[in-house]
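Note on naming: letters A, B, ... go to the chains in the order of the sequence lines (proteins, then strands), and numbering restarts at 1 for each one. Please read these numbers as outputs of a predicted model, since none were measured by experiment.
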Amino acid sequence: MEKYIISALVQNRSGVLARVSSLFGRRGFNIDSLTVSPTTDSAISRITIVVIGDEYTLGQVLKQMAKLEECIEVVHIEEDDAFCWELVLVKIRGDVNDREAVRELCNVYDADVVASSDETIIIRMDGTPSRIETFLSVISSFDIIESSRTGVTAVHKDKNNT
Amino acid sequence: MKLNGSQILIETLLEQGTDTIFGYPGGAVLNIYDELYKYSDRMRHVLTAHEQGASHAADGYARATGKVGVCLATSGPGATNLVTGIATAYMDSIPMVAITGNVGTALIGRDSFQEVYIAGITMPITKHNFVVRKVEELADTVRLAFEIAMSGRPGPVLIDIPKDVTAAVCEFEHKPAVQPRPHPQIQHEQIKKMADMINASERPVIFFGGGVIISGASELLEQLIHRADIPACHAMMGIGALKCDDPLNMGMIGMHGWVSAGRAADKADLLIALGTRFSDRVATKMGDFATSAKIVQVDIDAAEVNKNIEVDHNVIGDARDVLEAVLPLVDHADHTPWKEQIATWKKRMDYCPKDDDSVIRPHQLMKKIDELLDDDDIVATDVGQHQMWAAQFTGRQKPRTFLSSGGLGTMGYGYGAAIGAQIACPNRKVVHITGDGSFHMNLQEMCTAVSYNLPVVTVVVNNSVLGMVRQWQTSFYGHRYSNTDPHRKTDFVKLAEAFGAKGMRCTTLAEFDAAMREALQTNGPVIIDAVVDKDERVLPFIPAGETINNVVID
């Protein structure tokens, strides 16, 4: 199973996200992450979805999404051709004694400690999905209380691609 | 001019050429019904017994005519009762606009009386749907709904209208009827390649489906197969697209298709699929269908390519456009050896049920119906054994004369569809072939046929059991007939009379012949209870997950 990044421009209407997720539910496509965000045109939103599947799934996702009335454009973005970025917040258990170790680790990954209390430390990190995966596996040597990822957002490097 | 929402709805429907709608009134659509009362000279409203009947009637109307079928229901249960009909139309690519009322915008989201989120419910079974929140958006929404319903691969579109929107007033201006969006542009190289593959083939087979009927490509299909001498077979949805008695028409393939046709598809070196999606009733074993053949798929919906089976070449476009483009590039050919081979299979392998005039055998009953109908007359079926017998033996000659729920397999579809077809085609005979199981699901529509004095002839192929499921239980579940032998005591003759229709019962072929002749002359609905043996099976039969090589013939 591979992960594929799908980027779609959709009309910014109520229910459009429900339509996309309904399609994924009905066809049995697996979503790893999904983000919806405004674009410079207030009538249009961008949906970025990371799909788990194979080439068949990818082909069907693209063609079935293209059939949605409110879908203006849908493309598969190859990670090498695009900037793919994500942000994560991680809350770990740790007191004053752990802070130094955590800071050192954060330095290696360009992460920041954004808040700390007597018992917990909250870290913010952003980067490519794969770098975030690596960071999360390293930080798991601490006791992770919870973490929250934004999901991937992406733009094509080529100026002609939207 | 200033009009209220209900007037705007009817005016925009009239604008699209709609003069008939099927529906059922209720609280949320009271304003619409009040206007329908005033517009009754221009808009015919057909009241069904149940909203499901209205949705099937709109579907039958659309299948029989090619026009967009329209149904109307109130909020909540009215709307949910349409759902099966909408899903049926969606699976078979039938253009339909379903209109539902909803509670007023101020009450939406508060679990108000008869409130349901029908847009959410129908999202996966419509091409698109709308909730109209402002009266100013209503007219263009109706127009867009029609455009979507009939463009490309057709399908149902739902418009949900809150009650206050049907009362609110705004400026309305007439516009011309919307047209379907242009078909995809056909790529010449793709056509050239398709023609080259046809010209190079020694054992070609054409496999056509409902797309040929939708695009009106019957004549072109006939030209192509005769020009290049290509034997053709079809999916159930393709019945009538090519004359049943055309010498190159091998008949239906798939789970209950002809063995010779299935074998031809299996041994062909080229299979050209026209407007058909290789459903699991045809390509019964995933990854093992027409394995000797190069496969060319022609479909207007790109998502169908490589969805159910992998193909070697595809052309995205309307079947008619594609056939028009490819015909001049196709050489005249003669495939006599290949046709002789198929004829041998036909003689040796095809299922040949024995006649018995002392009872009613299903194949004889269907052939009798075929014999008594003209080519323009319409057959509507329900779902189950009778549907397959009808598909195998009613010999339809023209497109849009065989109405049957293919993709969804909706028991209870037939009567509503027959009513819709009869309303659309008052001068043609409509025969509704059903089973005692299917008929029990929506037989209340008899009151509709009586109210409108529709001469629909219903033939109940009555084997007193739920035959198709029972047949599977016979073959695969050790004769354990779980809930397929309901011991019902329904007297269909008395039932027909109770509804104000005519009822007849017959147990021999001669009795059926007489009943059918009388029914076809009757000016009103008739129910014929045709008794058949409960052990009659649909043959041939490819068990699910098997191929034509494991077909069961007796």
Could you pull out every donor-acceptor pair under 3.5 Å between side chains of residues 105-114 of chain A and any protein atom, sequence neighbours left out?
{"residue": "A/D112", "atom": "OD2", "partner": "A/R124", "partner atom": "NH2", "Å": "2.2"}

Q.
Consider side chain to side chain contact (heavy atoms under 4.5 Å, CB included). Of B/L408, B/T88, B/D92, which one does B/Y413 pass it with?
A. B/T88
Would you mind writing out the side-chain donor-acceptor pairs for residues 21-40 of chain A within the sub-3.5 Å range, not counting sequence neighbours?
{"residue": "A/S21", "atom": "OG", "partner": "A/L17", "partner atom": "O", "Å": "3.0"}
{"residue": "A/S21", "atom": "OG", "partner": "A/A18", "partner atom": "O", "Å": "3.3"}
{"residue": "A/R26", "atom": "NE", "partner": "B/P124", "partner atom": "O", "Å": "3.4"}
{"residue": "A/R26", "atom": "NH2", "partner": "B/Y90", "partner atom": "OH", "Å": "3.1"}
{"residue": "A/D32", "atom": "OD2", "partner": "A/K3", "partner atom": "NZ", "Å": "3.4"}
{"residue": "A/S33", "atom": "OG", "partner": "A/V152", "partner atom": "N", "Å": "3.4"}
{"residue": "A/T39", "atom": "OG1", "partner": "A/D41", "partner atom": "N", "Å": "3.2"}
{"residue": "A/T39", "atom": "OG1", "partner": "A/D41", "partner atom": "O", "Å": "2.9"}
{"residue": "A/T39", "atom": "OG1", "partner": "A/I44", "partner atom": "O", "Å": "2.7"}

Q: For a side chain to side chain contact (heavy atoms under 4.5 Å, CB included) with B/L138, tell me which candidate from B/T166, B/T12, B/V132 qualifies.
A: B/V132
**Q.** Which portion of B/V131 sits near chain A, non-hydrogen atoms under 4.5 angstrom
**A.** neither
Q) Of the backbone (N, CA, C, O) and the side chain (C-beta and beyond), which part of B/N129 lies under 4.5 Å from a heavy atom of chain A, both, or neither? A) both
Q. Hey, which of B/E310, B/R153, B/R181 has the most heavy atom pairs under 4.5 Å with chain A?
A. B/R181
Q) Which one, A/Q60, A/Q64, A/R19, A/E70, leads in non-hydrogen pairs under 4.5 Å with chain B? A) A/R19
